[in-house]
Amino acid sequence: MNNFDIGIGLGKGQFGRVYIAKEKTSGFIVALKVLKISELRKSNAEKQLVREVEIQANLRHPNILRLYGHFHDERYVFLVLEYAAKGELYRHLKRCTRFTEKRTSRYIAQMAGALTYIHGKHVIHRDIKPENLLLDMNDQLKIADFGWSVHAPSQRRKTICGTKDYLSPEMVDNQPHDEKIDLWSLGVLCFELLTGNAPFEEPSNGRDTTYKRIAKVDFTIPDHVSVDAKDLIVSLLQRDPSKRLPIKEVLSHPWILKHQRKSI
Ligand SMILES: Nc1ncnc(NCCc2cnc(NC(=O)Nc3cccc(C(F)(F)F)c3)s2)c1Br
């Protein structure tokens, strides 16, 4: 702990806070996530943390936030993380309501690259949502928080869950699931970045219809969304996991190809 100069708080999570920090000898800037051991014990999440550290130790990809290491004292566990200078994607989304098709297409392409990589290692993230996506200095997207990732296939229930908006039908029905749940979440993410709302979020009338709407795959894509983008969203939001567009085909989808940065 005293190897670091601790800076401002970057965010508050369910289990602890995140600070920017500078490693004293190297001057290297990192993000330090501080987790209260008593909190982890209460939700018996220690095993999950061990799994996250193990999974993250083997992942190296430009669109996956690095977990450089961890240490603990008697009260806290500290995760030493890559610092993403532009912070959480969802703050940018809230600020401008919705992203352009070009910007969204680039983020979805970066996501597809990262998911191809982790699925190749039979790792499923299981918690793809704007809150877990960060942006670095060059607007490169970084998938963070593998606190819920597992090795495929898995029967493990995701109990403490934040938003229901990203749950897939097989998760809602507590069916066995595999990496194709990340494809569903990618479809939900694409919808939310383009429209500013999640496809199944409950309307303000408060009646909690989210689960029913997910199970029925009941969503409507607004007219301002282009035909190509609609096609990609519909091909990912398929109830039957085997019918979802395979991740490699996302990378070669017309909507992705047409917004690639023109090769100089
Ligand atoms: N600008 C920024 N630059 C870099 N990072 C930032 N925020 C931290 C992003 C994270 C990356 N990895 C994480 N991992 C966990 O939180 N894990 C976690 C947490 C609780 C319980 C558990 C478990 F015990 F249940 F597994 C596991 S949070 C920000 Br803002």
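First listed ligand is number 1; within each ligand, the first listed atom is number 1.
- Taking the six-membered ring for Trp and the full ring otherwise, Tyr68 and Phe28 have centroids separated by under 6.0 Å.
- Applying the salt bridge (charged side-chain N to carboxylate O under 4.0 Å, His left out) definition to pairs two or more places apart or across chains, those involving residues 54-83 are Glu82-Lys142.
- Interatomic distance, CG of Leu245 versus CG of Leu251, reported as 9.5 Å (0.5 Å rounding).
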Quick one: ligand 1 N/O to protein N/O pairs below 3.5 Å?
unit_1, atom_1, unit_2, atom_2, d
ligand 1, 1 (N), Ala84, O, 2.9
ligand 1, 3 (N), Ala84, N, 3.0
ligand 1, 12 (N), Asp145, N, 3.3
ligand 1, 14 (N), Glu52, OE2, 2.8
ligand 1, 16 (O), Lys33, NZ, 3.1
ligand 1, 17 (N), Glu52, OE1, 2.7
ligand 1, 17 (N), Glu52, OE2, 3.3

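- Between Asp139 and Arg106, no side-chain nitrogen of the basic residue sits less than 4.0 Å from a carboxylate oxygen of the acidic one, so the salt-bridge criterion is not met.
- At a threshold of 4.5 Å between side-chain heavy atoms, the hydrophobic network of Ile, Leu, Val, Met, Phe, Trp and Tyr places Val18 and Val77 in two separate groups.
- Between Asp173 and Arg239 there is a salt bridge, since at least one side-chain N of the basic residue sits less than 4.0 Å from a carboxylate O of the acidic one.
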